[in-house]
Novice: 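Right, I'll just put the structure down here and ask away after.
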Amino acid sequence: MWQPEPYRIKMVEPIRLPGRAEREAHLAKAGYNLFSIPAEAVFIDLLTDSGTGAMSDRQWSALMRGDESYAQARSWFRFYEAVKGFTGMEHVLPCHQGRAGENILFSEISKPGLTIPSNNHFDTTRANIEFYGAEALDLVVAEGRDPHKIFPFKGNIDLGRLEDTLKKLGAAKVPLVMCTVTNNTGGGQPVSLANIKGASEICHKHGVPFFLDACRFAENAWFIKQREPLYKDKSVREIVREMFSCADGATMSAKKDGLGNIGGFIALRDGDLARRLQNSLILREGFLTYGGLAGRDLEALAQGFEEVQEESYLSARVGQVADFGEALKSHGVSILEPVGGHAVYLDAKPVYPNIPAERFPAQTLAVALYREGGVRGVEIGSLMFGKKREDGTFEPSAMELVRLAVPRRVYTASHLSYVAEVAGEVIKKAGQEKGYKLTYEPPFLRHFTSRLAPVS
Ligand SMILES: *Cc1c(COP(=O)(O)O)cnc(C)c1O
């Protein structure tokens, strides 16, 4: 029997839809970059599921138990035990968010001449790897690159290509292999346990450590329980333990499946690597037992790591996102299928067949959603990934997507059906759009701070 969310609302936060003229003015002022729109001027904010979740009454109570001692605080031990509990890893380095952990890890191991493969690197992971000189290589299976192919585990690593890469380069050239669960860049698609095990075995045969980018480990485990027959009778907690048992280390943004508003960690089995990273942690984040977080944050996250593994929660969470996908489809919107765990990805190519990649069709769609209904999503297309080739031509992103990420425990079914209706309206008016051109672009992570103008 179908079940609704296993919680009710105890506190509300007002939101408001600004008028059309006001929305248009905000867009112009923001240089058509939705990252620059004031959050107060956004009605339904689906920019990210990162740090935007609602905490439970137990997490809010946990804040009050926060121990703010500088070193070896009580809250640190709660956090440590929680992370060690589900990762099975002895060494935990707390940090203020995922990319801080990535920076600390890759400042130590990413160097020019090295290659770091993954299913798909998330944008901050790729940027950190490339900043320190290594190549970030994406090896997702072919199914994962086809936006309409129905396949249960589109986040899987192509094990054949992984084997070939490691054979060709060897352990000296590959400091580690990552696997992102769920695969955010590839559409929030899950990775099967068979694939995690297979990748881990290939890595270990070649003497290469295998790491998880574990931001959405619980959502991934839920998909494994639903879609991988071998695990249908295992509990999510057991599946989580089995996923991590294949890994030598993990980075995590606890702003996702930590159900917190801030936080992250690096977890490792290798004590030597942990000690090598400790100095960098102290230099960049803070002492080893708080890493840039307040004691109360550590407390709330320790509680969040527990709640996120509850199956009634995961069922409602992943179910809400799937229903949102169905609603969008019923309004004629083309989406990436099957729907992933935390977001629905709209395919902008069929909406704007006449807008070329260098005029950013996906950004055009993202801007139109805000203009039409005060909805904020994020472009994952040629604005994020497109490059100028050395000969001056434009190398587009493989896909032109708009991600509508669903914050955890925040919006109701009617909020999301409103968004689906707005998207339907945008599709009807698609013929009026001509795309955008860049008027300012920073040297990397372009999508966060660039400015655009409509093409006339
Ligand atoms: C969010 C995210 C990160 C980065 O974490 P931040 O907390 O935003 O710095 C890294 N990898 C993946 C897969 C993510 O989703």
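Ligands are counted one by one from 1 in listed order, and the atoms in each one are counted from 1 as well.
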Novice: Looking at ligand 1, does any of its N/O atoms fall within less than 3.5 Å of an N/O of Asp213?
Specialist: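 Yes - when backbone and side-chain N and O of Asp213 are compared with those of ligand 1, one distance drops under 3.5 Å.
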
Novice: Show, in sequence, the C-alpha distance, side-chain angles and deciding distance for Phe448 and Phe35, and conclude whether the ring pair (Phe, Tyr, Trp, His ring centres under 6.0 Å) test is met.
Specialist: CA-CA 6 Å; Phe448 285 127; Phe35 283 99; 4.8 Å; yes

Novice: Any idea which atoms of ligand 1 are less than 4.0 Å away from a heavy-atom of Lys255?
Specialist: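 Counting atoms of ligand 1 from 1, those under 4.0 Å from Lys255 are 7 (O).
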
Novice: Mind checking whether Arg216 has an N or O less than 3.5 Å away from an N or O of ligand 1?
Specialist: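 Yes; the residue has a nitrogen or oxygen that sits under 3.5 Å from a nitrogen or oxygen of the ligand.
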
Novice: Decide whether an N or O pair under 3.5 Å exists between Phe122 and ligand 1.
Specialist: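 No, Phe122 has no N/O under 3.5 Å of an N/O on ligand 1.
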
Novice: Among all protein heavy atoms, pick the one closest to atom 2 (C) of ligand 1 and tell me residue, atom and distance.
Specialist: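 The closest heavy atom on the protein side is Lys256 NZ, 2.3 Å.
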
Novice: Just to confirm my output: which protein heavy-atom neighbour is closest to atom 8 (O) of ligand 1, and how far is it?
Specialist: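 That would be Arg99 NH2, 2.9 Å.
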
Novice: I'd like to check which ligand 1 atoms, numbered from 1 as shown, lie under 4.0 Å from a non-hydrogen atom of Thr180.
Specialist: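 It comes down to these atoms of ligand 1: 13 (C).
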
Novice: What is the closest protein heavy atom to atom 10 (C) of ligand 1, and at what distance does it sit?
Specialist: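 In this structure, atom 10 (C) of ligand 1 has Glu102 OE2, 3.1 Å as its nearest protein heavy atom.
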
Novice: Quick one: which of Lys149, Lys329, Lys154 gives a salt bridge (charged side-chain N to carboxylate O under 4.0 Å, His left out) with Glu337?
Specialist: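 Single pass found, and it is Lys329.
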
Novice: Nearest to atom 4 (C) of ligand 1, what protein heavy atom do you find, and at what distance?
Specialist: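 Answer, as residue, atom name and distance: Thr124 OG1, 3.4 Å.
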
Novice: Report the member of Gly51, Cys215, Gly188 with the shortest heavy-atom distance to atom 12 (C) of ligand 1.
Specialist: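 Comparing heavy atoms across Gly51, Cys215, Gly188, the nearest one to atom 12 (C) of ligand 1 lies in Cys215.
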
Novice: Does the side chain of Glu379 come under 3.5 Å of the side chain of His447 through a donor N or O and an acceptor N or O?
Specialist: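 Short answer, no.
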
Novice: Will you find, in the side chains of Ser75 and Glu299, an N or O donor that is under 3.5 Å from an N or O acceptor?
Specialist: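 Present: a donor and an acceptor within the cut-off.
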
Novice: Look up atom SG in Cys203 and atom CG in Leu166, then write down how far apart they are to the nearest 0.5 Å.
Specialist: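 Going from SG on Cys203 over to CG on Leu166, the span is 5.5 Å.
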
Novice: When you measure from the centre of the six-membered ring of Phe305, is the NZ or CZ of Lys84 closer than 6.0 Å and no more than 45° off the axis?
Specialist: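 The answer is no, since Lys84 fails at least one limit relative to Phe305.
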
Novice: Please report which non-hydrogen protein atom sits nearest to atom 7 (O) of ligand 1, along with the residue it belongs to and the distance in Å to one decimal place.
Specialist: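 Answer, as residue, atom name and distance: Ser253 OG, 2.6 Å.
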
Novice: Is it true that the side chains of Asp213 and His121 contain a donor and an acceptor less than 3.5 Å apart?
Specialist: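 Not at all, the side chains of Asp213 and His121 share no donor-acceptor pair under 3.5 Å.
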
Novice: Is it true that the side chains of Glu311 and Ser235 contain a donor and an acceptor less than 3.5 Å apart?
Specialist: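 Glu311 vs Ser235: no donor-acceptor pair found between side chains.
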
